[in-house]
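Quick caveat, the model's predicted, so the values are computed rather than measured. Every chain is numbered from 1, with letters handed out A, B, ... down the list of sequences.
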Amino acid sequence: MEGLRRRKLSFLPVFAQSIANVAPAGAMSVIPALIFPGLVVGSAGPNLVLTFSAAMAIIVLVTLCLRPMAKRMAAVSGLYSYTAKGLGQRTAITAGWSAIFGYGLVAMASLLAVGTYIVELFVNLGVPVADPKIFAVLVILAAAGAACFLMVRGIQISAWSTLLMEAISIGILTVLMVVYFAFNAPQVNLGCVFAWNGHFDSLSIGIVVAVSAFVGFESPTTLGGEAQRPFVSVPRAITWTPILAGVLYLLAVTAQDVALKEAPSDITGSSTPLSDLFSQSSPLFAAVLDLGIAASWFACAIASVNALARIFFCMGREGVAPRVVGRTHAAFRTPSMAILVVMPVVAIVPVAVIISGASPEQGLANLFTLGAYGYLGSYILASASLPFFLRRIGENTLPSWILGAVTSVVLGAVLWTAAMTSIGTGNPQTLIYGGVLLLSVIYAAFLHRRLPARLASVGIYDETRESDLFHSGPLP
Amino acid sequence: MNYSPTHSGTGSASNSLRILEIVARFGTGTTAKEITDALRMPPATAYRILNALVGAEYLVRTSDLRGFALGHAISGLVTAATPPTVPTAARTAMDEFRRGNRFAVHLIMFRNASVRIADEDPDYPLHSVFELLRYPHASAAGKLMLAELGGSASPLPGGQLMKLTENTITDSDRLEEQLAEIRLKDQASEINEFESGSASLALPVRMPNGSVGAALCLTGPAERFTTIYAHAEAARELTLRLAPLLF
C-alpha cells in the first residue's frame, strides 16, 4: 500500500492497537454497569458472569474464523478486505460500512466517556466546576484534538501512548478492586453472582452489550501493511486480546456483581457507578479511578479511529469513497486525510449528546449497543467469508466450512434476538443500523450497475513486493 | 540428480525443508495443491507448515494468494551455505599475480554479512579458517567487510569481541575508529591481530553499484609487512581487473 510506512511496526504496538481498541479498563468499569441496572433491558438485568462468558465464547469463535485469513493476507482494511476476498466485493461494501459504523460509534462513546469521567474526577476532587456541561464539551473537544494529533503523527506514537494509558488504567483498577474487596470481604456473598434468572431475551441483549466490551480486538487486521511480520503479529494479537480481556472482565464482573448488588439504587443507576461506589469510602480513590477509566477510553477513541481511518483510506484508494481520503501524510506516512475527515464527525455526536441534556449513561448505552450492531454485522460477514476465502486461494478445508457456518449462525442469532428485543422496547437502534445496512446494499448495487470497475478494485491489500522475494546473487 | 523428495521423513522440521525445496524447484507461483501432490502430504499439514513459513517470511504468497515463492528470509541460508564460485579468468589473474611474490594472496568474498573464502593461495594455505569466518573484527578482510556494512547495522559479534592474540582489538570504540579510518583509506590491515607473527593487507573489490563485494588479501610474516605493503598499488590494479570478472 503506497503512502503508509511499510513493515515497520513491531509486535507490541500491534498488540497495543487491539488492547486499546478493546479498552479493557474502561469497558470493565462501564459496560457491566450498563447491563446491570437493566438500562438496556428494563428492570431485571441478566446474570453478569454468564453474559460475559457467553460473549467471550462468541468472540473466540470469531477469532478462530479471522485467524486463518490474517495468516494468509496482509490486510490494510481488516474485515472489509477479508470479506472482499471471501464473499466478494458487493458484500464487502456492507461489511466495510458496518465496521466503519461500529468503530465510529465506539469512538463517539469513548469520547463521551472521557468527558463524563473527567467531570466526575473534578467532582470527586472537590474542585468546583462552574458548568459541568460546558466543561464536558471542552474536555471532549480537547481529547478529540489530542487524539487527532497523535494519530496523524504516526501509529507508532499513538500505539505506544495508548498502551501506556491502558496499562496504567488496568493497573489502577486492579489495585483498587483488590483493596476494596480486602476491606469488604466479610460481606461478600458469591452465591448471587452465579444465580440465573431465566431471562433469555435479556440475556441475548446483555450479550450484545457484553460483546461490545470485546469489540475492537480485530483492529490489528487493519495494520497488515504496517506491521513488521504481519502474518505472525496480527494473528497473535487478535488471539490473545480477547482471552486477556475476557479474563479481566470475568474478574471485574464477579467483583462488581457482588459490590453493586449491595449498593444503594442511586449508585447502580449512575453513569459512573464504580467510582460512585468508591467515593463512598474515599473520594481520592474515586478520582484516581476516574482518571484511569478516562485514560482507557481516550486510548479506545484513538484505536477506533485509527482502524476506521484505515478502512476509509482504503475505500478512498479503491474509489468507492471520495478519493481525497486516500491521501497520506507525506512525512508521517499515515492516512491523515481520512483521520481529519472522520474526527470532527466523531467528536460532534458526544458533544451533541451532552448539549441536548440527555443522560450520559443512556447516551453511552445507546452508542455502545449501536456500535456493537456494527461490529457484529461485520463479524458475521467476515466469519462467513472464511471458507470462501480459503476455497478461492486453493486451501479449502472442511473444518473451515463448519467453523464459518457455526460462527455466523451464532452471531446472527444473537444479533436477531437483540434486534427483536430492541424493537419490542421501541428503541430506534435497530432501525438506524438497518438503515445503514440498506444504504450500503443500495450503494453496492449502484456501484455494480454504474461503476463496475471501481467495485472490482475493492479488496486491495498489502501484496508481496520485489523486496520480499529471495534474490540470489553476490549481494551482501 | 537422482534425489527424490518423496523420501519418508516426518516431523514439521523436515517437512518445512521439503516444502521449501519444492518451491525452490517449481519456482514462483507453486500452489499448495502442487506441493501436497508432490510430497504426498495431508493438505491440513501442508497448509499449517506453509503458513508458518509465510509467517517467518521464508516463503511469500504471490499476489493472488494462491501461489508461493521463496521469501527474502531464505537468503541468509542460501547465500551463506553456497560456496562462492570464481570464474577461471579471475583465477588466472590471481595466479599471475601470485607468481613471483613470496606471500599469500587470497580472495575473500562477503556474503550476507559474513566472510567466505573464494580463492585460497595454494602455496600458502590459510591456517585459521574457522577464526577467519567467525571473528571478522580480527582479520583485515573481516574489518574491510565491517567497515563496508558500517553504521548501526554492523553485525559485530554480540557482546564481547574475542581476543585472538595480544594485539586483537577488543574495545568496540577503538574498532569503530579503525573502521572509519578503513573507509577513508579504502583499505584494511592488521599486524599480529589475527595470528601472532602474521600480518595482512586487504583491498576492496567493488561491485558495479560501488559497494564492496570481496577483498583481495595479501598475507605474510609480520616482520615483512613493509614488503607486502610495497605491492599495494599492483594489488589494487588487480582488484580493478577482478571486479568485472567476479560481479
J.: Just how far is it from atom CD of A/Glu463 to atom CG of B/Asp64, taken to the nearest 0.5 Å?
T.: 9.0 Å

J.: What part of B/Ala44 gets closer than 4.5 Å to chain A, counting heavy atoms only: side chain, backbone, both or neither?
T.: neither

J.: Does CZ belonging to A/Arg327 count more than 12 external heavy atoms closer than 6.0 Å?
T.: no

J.: Which value, rounded to the nearest 0.5 Å, describes the distance between B/Leu59 atom CG and A/Leu469 atom CG?
T.: 10.5 Å

J.: Need one label for A/Ser467: side chain, backbone, both or neither, based on atoms under 4.5 Å from any heavy atom in chain B.
T.: backbone

J.: Report which part of B/Ser75 has an atom under 4.5 Å of a heavy atom belonging to chain A: side chain, backbone, both, or neither.
T.: both

J.: Chain B contacts: which residues in residues 217-224 of chain A have a non-hydrogen atom closer than 4.5 Å to it?
T.: none

J.: Pick whichever of A/Asp468, A/Thr464, A/Val232 has the most heavy-atom pairs under 4.5 Å with chain B.
T.: A/Asp468

J.: Considering heavy atoms only, which positions within residues 377-391 of chain A lie below 4.5 Å of chain B?
T.: A/Phe389, A/Arg391

J.: With the side chain counted from C-beta on, respond yes when A/Arg72 and B/Leu65 share a heavy-atom pair under 4.5 Å apart, and no when they do not.
T.: no

J.: Just list the side-chain donor-acceptor pairs under 3.5 Å for residues 46-56 of chain B, sequence neighbours left out, or say none.
T.:
unit_1, atom_1, unit_2, atom_2, d
B/Asn51, OD1, B/Arg61, NH2, 2.9
B/Asn51, ND2, B/Tyr47, O, 2.9

J.: Looking only at heavy atoms, which of residues 392-404 of chain A get nearer than 4.5 Å to chain B?
T.: A/Arg392, A/Ile393, A/Gly394, A/Glu395, A/Asn396, A/Thr397

J.: Report which part of A/Glu466 has an atom under 4.5 Å of a heavy atom belonging to chain B: side chain, backbone, both, or neither.
T.: neither

